[in-house]
Amino acid sequence: MVTFLSKIARPLWEGKTSIYSFIKEQGETVGGSLPDDEEFWSGSKLRWVAGGLDGAFGHHARPGQMTDETDELVHLLAKQSRNSKNSIRKALYTKLVKTDISSQIDSILEALRKQPGIKPDALFKEAKWFAENRAHRNVVKFGIALLGLFQNEQVKELLLTLGMHDEFTLYAAVAIQNGMEDSNQVLFELAKHVHGWGKIHLVERLEPTTKEIKDWLLRQGCQNSVMNEYLACICARNGGLREALSANSVDSALFNGATDIMEALLNGGPAEDIDDYEYAPQVVSDYVRLAREMGSSAKHLSVVWSIRDFLAQDEKNWSRRMSEGWSEQVRTDIRNACESIISNARWVSIITHAVSAGNSSERYYGTACADKLGVDIWETLYGQLAADPLEDFHYFQLMKSSDPNRIRQLVQFATEHLPLQYIATGPGDEMGFGQEYVAHRNLDTILQSLDQYEGIGVELILTGLNSPVTRNRNMAIKALEGWHVTAWDERVINAVNHLSEIEPDDSVKERVHKLLKDKGL
């Protein structure tokens with residue numbers, strides 16, 4: 001009994017790798033995993049990328065309010081600062097592991113500032129202990145946030161190391177801003193080492209105080225692994241894109257960086273876009289002027305094409321723009337310049353090379369431009385698929401064909417190369433995210449268009465009906481909805497009848513029953 005009780009009383013951090021040491025050991029190439037991944041995501045079907053949960057909710061949700069639970073955290077911290085005890089630390093730790101730090105941290109810190117009787121030195125020591133030695137992300141985040149209440153130059157290395165992981169960059173950035181004299185330069189150095197949500201948080205906070213920072217914002221600041229759209233307008237403004245592109249000539253790094261910014265501004269999205277950027281007319285005009293000589297890749301052509309499409313939007317959009325700096329003459333001049341660039345015959349060879357010999361990014365832009373220029377690249381992509389039968393991109397592009405013979409050829413390839421038995425494990429409620437569902441997503445890409453090709457892909461439809469991924473079953477049903485019942489063989493009829501009995505999702509089950517009724521079965 002004594003042994004049993006001692007195990008219950010063991011601290012949650014005991015015997016576990018500290019997150020700080022885990023990140024530090026990775027050096028300059030910090031990945032997205034963390035030692036507490038399995039525990040933190042246990043029971044969740046959806047895993048966010050590093051920093052994704054805090055990033056998405058921080059940008060699109062309101063902060064939480066003070067609760068009884070967070071109020072208790074404040075009192076425990078105050079108590080621990082006055083008289084440090086392991087029992088209080090364990091109680092704090094247990095609560096922090098389960099606390100939604102991102103929504104509560106601002107109210108907690110505000111309450112701490114007002115809490116009487118706190119001993120600052122002891123609280124700083126506790127914060128450093130949380131950040132440096134502990135194994136659970138919520139605890140580490142809380143420790144970093146507490147360090148932001150103090151002058152924290154002495155823990156600069158700790159904050160920078162933790163900040164190199166996108167899961168902690170936001171917390172490190174705020175702590176650095178609040179606690180270091182040269183915080184802007186520190187944020188700039190850190191921004192060069194993160195690529196996801198962490199980079200977004202840093203660029204949003206970075207002040208363009210030097211030419212070096214401005215140059216970096218225009219050339220590298222916009223690119224991130226989440227969405228360039230979050231940073232495009234910020235980089236354009238703070239980097240001085242208008243002034244930079246107004247020069248007679250620019251270096252290739254600036255032109256390529258401007259290409260990224262321009263593409264994201266035109267895409268629009270969750271942040272400010274081309275219609276929010278006050279210098280859009282001049283910058284678009286200068287970009288197209290420079291593209292006439294410097295445009296040399298499929299990506300450059302893709303952005304010029306996007307500009308042309310933007311200029312061709314309906315007049316309802318343009319009536320508003322005319323009162324915001326645009327003129328009909330500027331619009332016409334830029335559109336004519338775009339048409340001149342697009343009509344250049346050299347693009348066919350550039351696009352063909354991008355699709356056949358380029359990296360994944362070049363292939364993406366090459367394929368997009370090939371569609372618009374009418375360059376037939378189907379056989380090239382089909383040949384590439386043979387080298388990697390689980391490549392999502394190729395199935396998506398190849399299924400755009402309107403040629404039934406090509407669709408039949410692709411369906412036969414998929415039937416022979418996709419692991420159909422691995423997919424068809426029975427209906428479930430899986431969402432289909434993650435690397436283990438790549439084959440399911442490939443199947444989905446094909447199934448969603450088979451309603452247009454009656455009789456093609458029976459084996460794939462049968463697999464979809466028996467997939468644990470709900471969308472696979474929906475897409476298989478969609479295909480059968482488009483087919484006349486005479487194209488159904490006995491296996492299909494039996495599979496649909498069986499699914500009508502065992503389908504776990506109510507909406508899908510209702511759809512199956514309707515399908516049977518509509519087909520007279």
Side-chain angles (χ1 to χ4, degrees), residues 195 215-229 231-232 235-236 239 241 244-269 273-274 280 283-312 334-381 383-384 388 391-394 396-398 400:
H195 309 284
D215 288 347
W216 181 84
L217 287 171
L218 294 183
R219 289 162 175 80
Q220 301 172 49
C222 178
Q223 305 97 320
N224 66 84
S225 60
V226 181
M227 287 183 75
N228 289 1
E229 288 77 4
L231 297 178
C235 289
L241 184 62
L245 292 189
S246 65
N248 291 329
S249 62
V250 300
D251 60 85
S252 60
L254 173 57
F255 182 69
N256 288 330
T259 299
D260 289 325
I261 293 172
M262 190 66 62
E263 177 185 43
L265 287 173
L266 291 165
N267 285 344
D273 61 21
I274 193 73
V283 166
V284 172
S285 179
D286 282 332
Y287 178 84
V288 173
R289 171 179 58 81
L290 293 166
R292 190 185 295 275
E293 298 297 326
M294 301 188 71
S296 59
S297 71
K299 184 174 183 178
H300 297 150
L301 175 60
S302 176
V303 172
V304 171
W305 216 303
S306 294
I307 292 172
R308 195 200 71 163
D309 291 344
F310 164 75
L311 296 168
I334 299 175
R335 184 167 49 201
N336 291 340
C338 288
E339 294 286 359
S340 175
I341 293 170
I342 291 169
S343 65
N344 194 312
R346 68 192 176 97
W347 290 116
V348 174
S349 61
I350 291 173
I351 288 168
T352 302
H353 182 268
V355 174
S356 61
N359 57 34
S360 59
S361 175
E362 291 169 332
R363 188 181 301 119
Y364 168 82
Y365 288 106
T367 301
C369 291
D371 285 345
K372 293 183 176 182
L373 282 178
V375 179
D376 187 0
I377 56 171
W378 198 92
E379 293 295 343
T380 300
L381 293 177
Q384 293 171 350
D388 186 0
E391 176 56 61
D392 301 46
F393 173 79
H394 286 85
F396 177 77
Q397 295 298 331
L398 291 168
K400 289 181 178 180

- Note on the structure: In short, Ala337 meets Val288 closest at the heavy-atom pair CB-CG1, 3.5 Å
- Message: How close do Ala232 and Cys222 get, counting heavy atoms only, and between which atoms?
- Response: CA-SG, 3.9 Å
- Query: So do Glu391 and Gln384 actually touch side chain to side chain, heavy atoms under 4.5 Å?
  - Reply: no
- Message: Whether the side chain of Thr380 engages the backbone of Ser356 through a donor-acceptor N/O pair (distance < 3.5 Å, no angle test) should be reported.
- Response: no
- Hey, which of Leu381, Asp392, Ile377, Val355 is the one that makes side-chain contact (heavy atoms from CB on, under 4.5 Å) with Gln397? Leu381
- How long is the gap from OH on Tyr364 to CG on Asn359, to the nearest 0.5 Å? 13.5 Å
- Message: Could you check whether any side-chain heavy atom of Val284 comes within less than 4.5 Å of a side-chain heavy atom of Met262, counting everything from C-beta outward?
- Response: yes
- Item | Residues, nucleotides or ligands: over 12 heavy atoms within 6.0 Å of Phe396 CZ | no
- Check: Val283 and Ile261 side chains under 4.5 Å, non-hydrogen atoms: no
- Query: From Arg335 CZ over to Ser340 OG, what is the distance, rounded to the nearest 0.5 angstrom?
  - Reply: 14.5 Å
- Separation between CG (Asp286) and OG (Ser246), nearest 0.5 Å, reads 6.0 Å
- Side chains of Leu301 and Ile350: closer than 4.5 Å at any heavy-atom pair? no
- Task: Write out all pairs satisfying salt bridge (Lys or Arg N to Asp or Glu O under 4.0 Å) with one or both partners inside residues 255-266, taking only residues at least two apart or from two chains.
- Result: Asp260-Lys299
- Query: Atom CZ in Arg219, atom CG in Asp251: separation rounded to 0.5 Å?
  - Reply: 4.5 Å
- Note on the structure: Between Val250 and Ala244 the two heavy atoms that sit nearest each other are CG1-O, 3.5 Å
- Message: Considering only residues two or more places apart or on different chains, which pairs with a residue in residues 285-305 satisfy ring-ring contact (aromatic ring centres under 6.0 Å, His included)?
- Response: Phe255-Tyr287, Phe255-His300
Please list every donor-acceptor pair under 3.5 Å in which a side-chain atom of residues 367-375 meets a protein atom from a residue at least two apart or in another chain.
residue, atom, partner, partner atom, Å
Thr367, OG1, Arg363, O, 2.7
Asp371, OD2, Lys400, NZ, 3.3
Lys372, NZ, Asp309, OD2, 3.4

- Message: I'd like to know if the side chain of Trp216 and the backbone of Gly221 have a donor-acceptor N/O pair within less than 3.5 Å.
- Response: no
- Output the distance between atom CG (Leu254) and atom CG (Leu241), rounded to the nearest 0.5 Å. 7.5 Å
- Do any N or O atoms from the side chain of Ser306 and from the backbone of Ser302 form a donor-acceptor pair under 3.5 angstrom? yes
- So OG of Ser296 and CH2 of Trp347: to nearest 0.5 Å the spacing works out to 6.5 Å
- Query: Which heavy atom in Gly366 sits nearest to a heavy atom in Ile351, and how many Å separate them?
  - Reply: O-CG2, 3.2 Å
- Task: Indicate the atoms forming the closest heavy-atom contact of Ile307 with Cys338, along with that distance.
- Result: CG2-SG, 3.7 Å
- Taking all non-hydrogen atoms of both residues, which atom of Trp378 and which atom of Leu398 are closest, and how far apart? NE1-O, 3.0 Å
